[in-house]
Amino acid sequence: MNRTIVRCQSGALYSSIWIPMVSFKAARLGTSRFQRCPVHKRWERARPVDPSTLTADERAAAERIEDIGIP
Ligand SMILES: [Zn+2]
């Protein structure tokens, strides 16, 4: 399963199944998605984060938090 690290509108990082309709490069340029945030337990806008901009600790923490996925 391909998971992408995303950041919610409140700033939390988590990993999400992200099935882009466009390339990841294009997604980084502005695609965001409305989905349930597993950190704040509410619907929030999230967008993919370039993992190379994160520290190893941030990446590891984000990978431990996974959303439930698409039902
Ligand atoms: Zn959130």
Side-chain angles (χ1 to χ4, degrees):
M1 194 63 76
N2 213 14
R3 285 186 177 270
T4 299
I5 296 175
V6 302
R7 191 191 301 272
C8 78
Q9 65 185 42
S10 303
L13 292 166
Y14 60 93
S15 56
S16 178
I17 299 166
W18 194 278
I19 303 161
M21 298 297 159
V22 291
S23 73
F24 185 68
K25 189 166 189 239
R28 280 198 326 219
L29 291 176
T31 301
S32 62
R33 199 170 72 178
F34 206 56
Q35 61 181 23
R36 194 163 167 79
C37 173
V39 177
H40 300 105
K41 315 279 194 237
R42 64 186 180 203
W43 287 83
E44 293 184 320
R45 194 157 282 284
R47 60 174 53 204
V49 176
D50 182 348
S52 67
T53 65
L54 303 173
T55 66
D57 282 353
E58 285 175 323
R59 264 203 309 279
E63 282 163 2
R64 275 196 299 272
I65 305 169
E66 296 183 347
D67 67 1
I68 300 161
I70 300 155

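All of these numbers come straight from a predicted model, not from anything done at the bench. All ligand and atom numbering here is 1-based and tracks the order in the structure.
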Determine whether [X] and [Y] make a side-chain contact, defined as any pair of heavy atoms from C-beta on separated by less than 4.5 Å.
X: Q35; Y: I17; answer: no
X: D67; Y: R3; answer: yes
X: E63; Y: I5; answer: yes

Sorted by chain and number, sequence neighbours left out, side-chain contact (heavy atoms from CB on, under 4.5 Å) with I65 holds for Y14, P38, V39
**Message:** Under a 3.5 Å cutoff, is there a donor and acceptor pairing between the side chains of T55 and D57?
**Reply:** no
For the Zn ion (ligand 1) the protein N, O or S atom count under 2.8 Å stands at 4
Residue set satisfying side-chain hydrogen bond (donor to acceptor under 3.5 Å, both in side chains) with R42, at least two apart, ordered chain then number -> S10, E44
